[in-house]
Peer 1: 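I'd like to ask you about the structure that follows.
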2 protein chains.
Amino acid sequence: MDETILSAIIARRIGPGTRLGEVKLAELFGVSRTRIRETMMRLAARGIVQVSARRGWYVVEPSVEEAREAFQARRIIEVGIVQALHPLSGTEIALLRAHLAAEGEAVRTGDVCAGTCLLGDFHTRLAEILGNRSLIEMLRDLTARTVLISMLYQPNERAIESNADHHAIVAALERADMDAAARLMAEHIDKVEAGLDLAAKPDPLDSLRESLNAQTDPRHPLPKGFAA
Amino acid sequence: MDETILSAIIARRIGPGTRLGEVKLAELFGVSRTRIRETMMRLAARGIVQVSARRGWYVVEPSVEEAREAFQARRIIEVGIVQALHPLSGTEIALLRAHLAAEGEAVRTGDVCAGTCLLGDFHTRLAEILGNRSLIEMLRDLTARTVLISMLYQPNERAIESNADHHAIVAALERADMDAAARLMAEHIDKVEAGLDLAAKPDPLDSLRESLNAQTDPRHPLPKGFAA
DNA sequence: GCTAAGCCTCTTGCATACAACCTGATGGGC
DNA sequence: GCCCATCAGGTTGTATGCAAGAGGCTTAGC
């Protein structure tokens, strides 16, 4: 169940701020609320959902600050992974190449679900090749958060560019040029982050709030708690 | 409750393999099993405990393989954090110095609980200075796992050495020599990992298993599932 | 027309009850 | 004496029930 929901998020089928009602999910999965709650607890521990007391469970809506932190974390971890990688075997290169092909296919055909899944999975693949389960899990959660961030702040898709970046990274790995691969990875993540509009509003309310704050003057104070 | 249990682990008051009975914990915390289970679910998602079907919850006993992975993850993340750090302000240096003093005090007085807590927290402090909550959480979980690992595989305490290493790292940070700090951090983590006896058995059974496997011959096959 | 108070519904928070199962003990058969 | 089947105790797995609270709607007051 956890993975079903997580996959749905990574595939952009569930967006940030989506309400996940216990009863509805229980019916959907054909189980009782108890098990749904357990799933939600686990997902909450992983930073995927959060609970609003007696209101419901919601997919997290990362703030601009959290978005920056997530990208910083990914940058640190993924560059570290590439640096820690030994020269790849032929099998491993072949696996990555196959993945890149699938990515390219999904991107070309405009299959958004498969596309974001595969683009995200690419990064997990590297952790898998390193064989570090701790890092794999961290990266999977960070990927989910990154997808949510892009749904909030990314004005336009950059799937093609990402796929190209991935190709460049794999090429460097194939040359066993780990330093270049690490540099390309850092640039790739920076590029994705730069492609976001982190000045944008995370939800419609924020722009409203902003406009109202802009015209705030002493004669027309905002209601208490409005900007909180 | 989650934090209470986690703290107890980090302070070495609960060891690897400890059974955490739902009923007992429920009485201890004065709540029903439901809430205990929720806590366990969250801790399980963080890789701190695991459930053995209808037998109970147990604090994880990282295998040698998992131990290596945990240290690799820490190395990658913590070196990355130091590299990402901006030159530290006076306040931040003062904070770290105060922390080092507390560490030294605990180590000298032989206060194991406070000692491991503080030695572990040092690393979290750096993540806090970087201000990245994702990394802070990851590091906290990794620290807990590392403590468990050292309880399984560390023949002798190296608290004094660790404290000295921390001093050296802070000195480098004070000089704003981030590269040196990163190098020292890598060496520090490697040293701690090297101080482990990763050839040792994680539990008494393993040595037994090993001895038995050693003398296995076709005439005296081991019972089915014995080495599984 | 507008505000505000009170109610009503919906949802989670938490506890409890029962079912399923694992483990260790006991007793019968060989 | 040894082994295996059976049973009892204890523990988790899952569902359900009730209470508390948040939000929205209605309605009375101005």
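So you know, we letter chains A, B, ... as the sequences are listed, proteins then strands, and number each from 1.
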Peer 1: Which comes earlier along DNA chain D counting from the 5' end, the contact point of B:V23 or that of A:G30, where each point is its nearest nucleotide?
Peer 2: B:V23
Peer 1: Could you tell me which residues satisfy salt bridge (Lys or Arg N to Asp or Glu O under 4.0 Å) with B:D190, sequence neighbours excluded, listed by chain and number?
Peer 2: B:R75
Peer 1: Side-chain N or O of B:R19 less than 4.0 angstrom from OP1 or OP2 on D:dT12?
Peer 2: yes
Peer 1: Can you name the side-chain contact (heavy atoms from CB on, under 4.5 Å) partners of B:S52, sequence neighbours left out?
Peer 2: B:R55, B:Y58
Peer 1: Could you tell me from which nucleotide to which nucleotide of DNA chain C, 5' to 3', there is an atom under 4.0 Å from chain B heavy atoms?
Peer 2: C:dC14 to C:dT23
Peer 1: Tell me the ring pair (Phe, Tyr, Trp, His ring centres under 6.0 Å) pairs involving residues 14-45 of chain A, sequence neighbours left out?
Peer 2: none
Peer 1: Would you list the pairs meeting ring pair (Phe, Tyr, Trp, His ring centres under 6.0 Å) in which at least one residue belongs to residues 112-141 of chain B, sequence neighbours left out?
Peer 2: B:F122-B:H166, B:H123-B:H166, B:H123-B:H188
Peer 1: Rounded to the nearest Å, what distance is computed from the CZ atom of residue A:F29 to the C1' atom of nucleotide D:dA15?
Peer 2: 18 Å
Peer 1: A:E128: what forms a side-chain hydrogen bond (donor to acceptor under 3.5 Å, both in side chains) with it, not counting sequence neighbours?
Peer 2: A:R125
Peer 1: Could you verify whether a donor N or O on one side chain and an acceptor N or O on the other, from B:S134 and A:R145, lie under 3.5 Å apart?
Peer 2: yes
Peer 1: Under the ring pair (Phe, Tyr, Trp, His ring centres under 6.0 Å) rule, collect the residues that match up with B:F71, sequence neighbours excluded.
Peer 2: none
Peer 1: Kindly write out the residues that satisfy side-chain hydrogen bond (donor to acceptor under 3.5 Å, both in side chains) with A:T146, not counting sequence neighbours, or none if the list is empty.
Peer 2: A:R74
Peer 1: Using heavy atoms and a sub-4.0 Å distance, could you list which residues of residues 34-47 of chain A are near DNA chain D? By number, please.
Peer 2: A:T34, A:R35
Peer 1: Report all interatomic pairs (protein N or O, nucleotide N or O of nucleotides 18-22 of chain D) with separations under 3.5 Å.
Peer 2:
unit_1 : atom_1 : unit_2 : atom_2 : d
D:dA20 : N3     : A:R54  : NH1    : 3.1
D:dG21 : O4'    : A:R54  : NE     : 3.2

Peer 1: By the salt bridge (Lys or Arg N to Asp or Glu O under 4.0 Å) test, which pairs, at least two apart or in different chains, include something from residues 9-20 of chain B?
Peer 2: B:R12-B:E157
Peer 1: Please enumerate all residues that pass side-chain contact (heavy atoms from CB on, under 4.5 Å) together with B:E105, with sequence neighbours excluded.
Peer 2: B:R108, B:T109
